[in-house]
Amino acid sequence: MASTTPLDIPPAPPETRARPKSTGRAGDKIFLGLSRGSGILLLVIMASIAVFLSYRAFIAISKDEGNFLTTFDWNPAGDPPVFGIAVLLFGTVVSSIIAMVIAVPIAVGIALFISHYAPRKLAAPLAYVIDLLAAVPSIVYGIWGALVLVPYLEGLNLWLDQFFGWTYIFDKTEIGVPRSLFTVGILLAIMILPIVTSVSREVFLQVPKMNEEAALALGATRWEVIRLSVLPFGRSGIISASMLGLGRALGETMAVATVLSPSFLISLHVLNHGGGTFAQNIAAKFGEADEFGRDALIASGLVLFVLTLLVNGAARLIIARRKEYSGANA
Amino acid sequence: MKLQRKNRLRATALGALAVSGALVLTACGSDDNTGTDAEGGKTSAAASNIKCDDAEGQLRASGSSAQKNAMDLWVKNYMAACSGVEINYSSSSSGEGIVAFNQGTVGFAGSDSALKPEEVAESKKICKTGQGINLPMVGGPIAVGFHLEGVDSLTLDASTLAKIFDNKIKKWNDPAIAKLNDGVKLPATDIQAFHRSEDSGTTQNLGKYLNAAAPSDWKYEAEKKWPAPGGQAASGSSGVASQVKAVNGSIGYFELSYAKSQDITTVDINTGGATPVEATSENASKAIAAAKVKGTGKDLALELDYTTKAEGAYPLVLVTYEVVCDTGNKADTLGTVKSFLSYTASADGQKVLTDAGYAPIPEAINAKVRETVAGLK
């Protein structure tokens, strides 16, 4: 922010403020104790959850006769129990990548339109509608996906197969309705659109007016203003927004479970039905699973947890490297 | 100021959305495909025969969703007759029901398959003096539904069914299918076989049937998980049914009630008897009559005869059980459990099943169930 602060505003006070001293009155002490206590309690609860989950996961993995990381099967009720997360990891990552590739450019486009192109009267309701989309429960997207999107995508799939079949990825080798990772990716893209859009829009609105006006004064067109001042300023915000969206895509359960036709196969033909994601698998198998089967599912959930952690960590790293622009996000 | 107003507006809108969302969801939640509301008069007539005895308070139960529609009817009738008693059957799944039963949180559990030995062993902790036993309560045909434009009746036998679900037969005009359907014009459409994506007792029962009736064509073990590679999956009986409804050339399996409620044509099964058998409640009951009790002591777990050739017996059936302790039931729910289960096993209770697309348990077995229920401690 420092480099973009207009001159007539005094510099912000230094960040390192000493914590105000307690007055020594009873109320202060009680409040201090309460807040510190609840902070510690929270940590203890989270730690015990983590311990419990890791313990259950450990029980499952130690009895797994297959390789937990590479087995293409999920059969903890079998004799011997064999299960692995390879297919789930692949499906989760692939469907999320498809979702990101589709959603992020569109979301940034919508955000730019709302913040810089749309007339005021249109911008507010439009932003509002987009925000509302985020509040639709995922099962509703799932049902809509299964009933409307899937039949609708049949044509698109045939088209992709016909003209882009040579890419291998879009080569559809199986018959059947498109209940594939590709369809899931599209559905996830629609689902993460609102969050990415609304965060990006907030960031774009925070671009210092002086910057934009300066660019305009130099004769830049509106697109050049966006390219020269809005996008560079908003880059870390877009990244944060995308990561929020990615988080939702990785963990999405019911919509995927409703739309996907799962099977324990890895195939790069994304138009074929099959595959699976962590969350979908847990939702599908939890009901009929016995104690041990649930332990196995918890183990797979832990992997999803680690995956999300890695993604978030990576995002924080990227944002930290671009600190000079981080005006509107944290 | 402006910001605050915006937030409040937003909150109101969210609230409105939440409310309308909840309304939409509850509308979906009650997927009552039995159409019982029209029979309210009959219900109250039946209610008079229900003996409430010392039933009181609240009874929680949980388990198989395959018997959900039957349980809903029973609970409704029962609670209408016995005021002050509240029965709460949460239809989750057999697995969840048994887990809950073995943790002692429910009075009885509903299950698609009899308790496994290790589950019985575990139940001894809860039943203290006794163990968990299976009471066959609801029978039902598993219908094989298909959707093939231009074809409105189809006969298959176990062997072709096995080959279809194993992706060995890929076209509808395959000679194996044509041979069973004289005079039916079969198109050269691809077969799209649908199975359940989640683990399910229905899948397991289909597997048991195919294992018994077509052992050389179905080599997979009968598990809750779909064993064969290939094919397409959908979640829940309702999911499979709606896919079959929507996709031309499809075939799938689900409880008969789903076929009825969605108007899906079902496959007649050629058992080797004189004429192919249609999936109906009566025909399923006839097949269950051929079952033997394989449980020992008070346990009434059934061994179904899937290879029966009896006239009009539809062999692809499933039997769901209520799981209770033979002795050592919790004192505060024992009265209600006994009273409720004697109603469900009574002639009145079993009669309800036919209307809901299920099959009553044959009288010979049913009599034993009633006797066992009366002796629960």
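Computed from a predicted model, the values in this text were never measured in an experiment.
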Under 3.5 Å, is there a donor-acceptor pair between the B/Q67 and B/T320 side chains? yes
Polar side chain donor-acceptor pair, B/S242 to B/Q262, under 3.5 angstrom: no
Top contributor to chain B interface from A/R294, A/Q280, A/E291 [non-hydrogen pairs under 4.5 Å]: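 The candidate making the most pairs under 4.5 Å is A/R294.
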Name the option with the most non-hydrogen atom pairs under 4.5 Å to chain A; the candidates are [options].
options	value
B/G249, B/A233, B/G95, B/S200	B/A233
B/E221, B/E198, B/Q232	B/Q232
B/A234, B/G230, B/A246	B/A234

Heavy atom to heavy atom, less than 4.5 Å: which residues from residues 186-194 of chain B reach chain A? B/D190, B/I191, B/Q192, B/F194
With a 4.5 angstrom heavy-atom cut-off, could you sort out which part of [X] is near chain A: side chain, backbone, both or neither?
X	answer
B/K170	neither
B/E118	neither
B/E119	neither

Test side-chain hydrogen bond (donor to acceptor under 3.5 Å, both in side chains) on B/S62 and B/S92 and set out the steps. CA-CA 7 Å; B/S62 158; B/S92 39; 3.3 Å; yes
Answer yes or no: is there an ion pair linking A/R56 with A/D295, defined by an N-O contact shorter than 4.0 Å?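 Judged by the 4.0 Å cut-off on N to carboxylate O distance, A/R56 and A/D295 do form a salt bridge.
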Side chain proximity check, B/Q204 to B/D199, heavy atoms < 4.5 angstrom: no
Under a 3.5 Å distance rule, please check whether A/E288 uses its side chain to pair with a backbone N or O of B/S94 as donor and acceptor.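 Checked: pair present.
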